[in-house]
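Residue numbering restarts at 1 for every chain, and letters A, B, ... go by the order of the sequence lines. No experiment lies behind these values; they were computed from the predicted model shown.
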Amino acid sequence: MRNLISALDLERSEYEELFELADRYIEQLSKKKRLDKLNGKIIALAFFEPSTRTALSFASATLRLGGKVIGFSSEDAISIAKGESLADTIRMLDSYADCIVIRHRYDGSARFASEISGKPIVNAGDGKHEHPTQAILDLYTVRKIFGYVDNLVFGVLGDLRYARVVNSLLRALTRFKPRRVYLISPPQLRARREILDGLNYPYVEISDPRDALSSLDVLYVTRVQRERFPDDLEYRRVRQSYRVDPELVSMMSRDSIVLHPLPRVDEVDREVDKYPQARYFEQASYGVPVRMAVLSRVLGVA
Amino acid sequence: MSGASELIVKRIRDGSVIDHIPAGRSLLVLKILGIKGDEGYRVALVMNVESRKIGRKDILKIEGRYISDSEASMITLIAPEATLNIVKNYRVVHKVRLKPPSMVRGIVKCPNSMCVSNNDPEAQPVFTLEKTDSREPSFRCIYCETRLTGSDALTELYG
């Protein structure tokens, strides 16, 4: 693995190696071990789009491994605001760092960066296209809780059309054998054909989460955004029917889990936090060890 | 070549004939081939003549230029059933039904306005062949993976 642009860049064995590596890092961190795998390495965090948890978890992962971080986290701060092209910015970072972690609002920007730079590129979200490290983290959480990923029934809820985390998750699942995946969304936010055509497991597109809840092992919730709807009334109607609240969670089995890439606004009711199914904070806590695993892999030090 | 077109345009001595272009698209085919007219080639453009194969069709005759198969394959984007004839000394020396190219670079823009290829001055639109079956090949952007179909290409080229 030299670059990580898409969830499809990894074979199943590579997912499993990353999971095991993350397990080891969690164990070592809990023993307060000093890690130095990235000693002498500089990781560039090129966040052209604002982000809190992804940027900070990459920074933390680098520091935990003894590396150093440079970078920026908005276009305003840098010469992009002065009109510098993405290609030129990447060229500059290529000479400053050993690896570039990029988030950018344009679809395909990470692949483009990998053509410009000879250093490993990690895609931390390119437009509405992909966000593969989030998918690794999502499946890592599932494996951590259930012990495996195969044979589980997944439900992916919300905006399946414009959410990059959904694209990466659905693609990452092709490396496993989910029993079934329910794609739960309003008709106008269905997953894109380009993604669906590449799936190799049984999936069902439905509109009402109630039709699937009782059979789910994993409910993955994403936010439905206001700007996807032409009028406010329609948006509020959809948001209401895709909101995960105690009533919906009580229809799920006790062993099932609810995940969310965070940040959430109100698509998961805060009351749900108290239910045993709510595992999104635990999921977020794996962000650092999983990204430690990714960075040490792309840099070839693990 | 159909008799009707023979009545309109004479045979060429040396050059390329592209036949079975869907009616009305020959100007776009010239655009894809990068022929603007000021290169000096004698070009005959026959539009909307009868075709047994596809109803009505266009034919292009370009004298003095031999178009390679790979160059001509780009026109399958909008003319999936086109044929290329290479003429030397009034005789057809090479005739092929064009096959879609494995890669299309720089000819049409990505239909996705948020694709990096539409937004960085150095990025070029590049598509790889996704499907050859049916009468319409489709391609996929190597950056954002958006699908490019013949009708997308038409919209873009007419633009």
Above 12 or not: heavy atoms from other molecules or residues under 6.0 Å from [atom1] of [X]?
{"X": "B/Lys31", "atom1": "NZ", "value": "yes"}
{"X": "A/Tyr201", "atom1": "OH", "value": "yes"}
{"X": "B/Arg105", "atom1": "CZ", "value": "no"}
{"X": "A/Lys128", "atom1": "NZ", "value": "yes"}
{"X": "B/Lys53", "atom1": "NZ", "value": "yes"}
{"X": "A/Arg91", "atom1": "CZ", "value": "yes"}
{"X": "B/Arg42", "atom1": "CZ", "value": "no"}

* Asked: Which residues from residues 164-178 of chain A are near chain B, with near meaning under 4.5 Å between non-hydrogen atoms?
  -> A/Arg171
* Using a heavy-atom cutoff of under 4.5 Å, enumerate the residues of residues 104-123 of chain A that contact chain B, numbered in order, or state 'none'. => A/Arg105, A/Tyr106, A/Asp107, A/Gly108, A/Ser109, A/Arg111, A/Phe112, A/Glu115, A/Ile116
* Please step through side-chain contact (heavy atoms from CB on, under 4.5 Å) for the pair A/His129 and B/Asn112, ending with a clear verdict. => CA-CA 11 Å; A/His129 180 229; B/Asn112 170 12; over 6 Å; no
* For chain A, which residues from residues 119-128 of chain B lie under 4.5 Å away (heavy-atom distances)? ->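 From residues 119-128 of chain B, the residues near chain A are B/Asn119, B/Asp120, B/Pro121, B/Glu122, B/Ala123.
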Can you list, pair by pair, the side-chain donor-acceptor contacts under 3.5 Å of residues 154-162 of chain A, counting residues two or more places apart and other chains?
unit_1, atom_1, unit_2, atom_2, d
A/Asp159, OD1, A/Arg161, N, 3.0
A/Asp159, OD1, A/Tyr162, N, 2.9
A/Arg161, NH1, A/Arg190, O, 3.4

* Heavy-atom distances under 4.5 Å only: say whether B/Thr146 touches chain A with side chain, backbone, both or neither. => both
* To do: Check the pair A/Arg192, B/Glu145 against side-chain contact (heavy atoms from CB on, under 4.5 Å), reporting the backbone distance first and the verdict last.
  => CA-CA 11 Å; A/Arg192 267 176 293 179; B/Glu145 301 184 64; over 6 Å; no
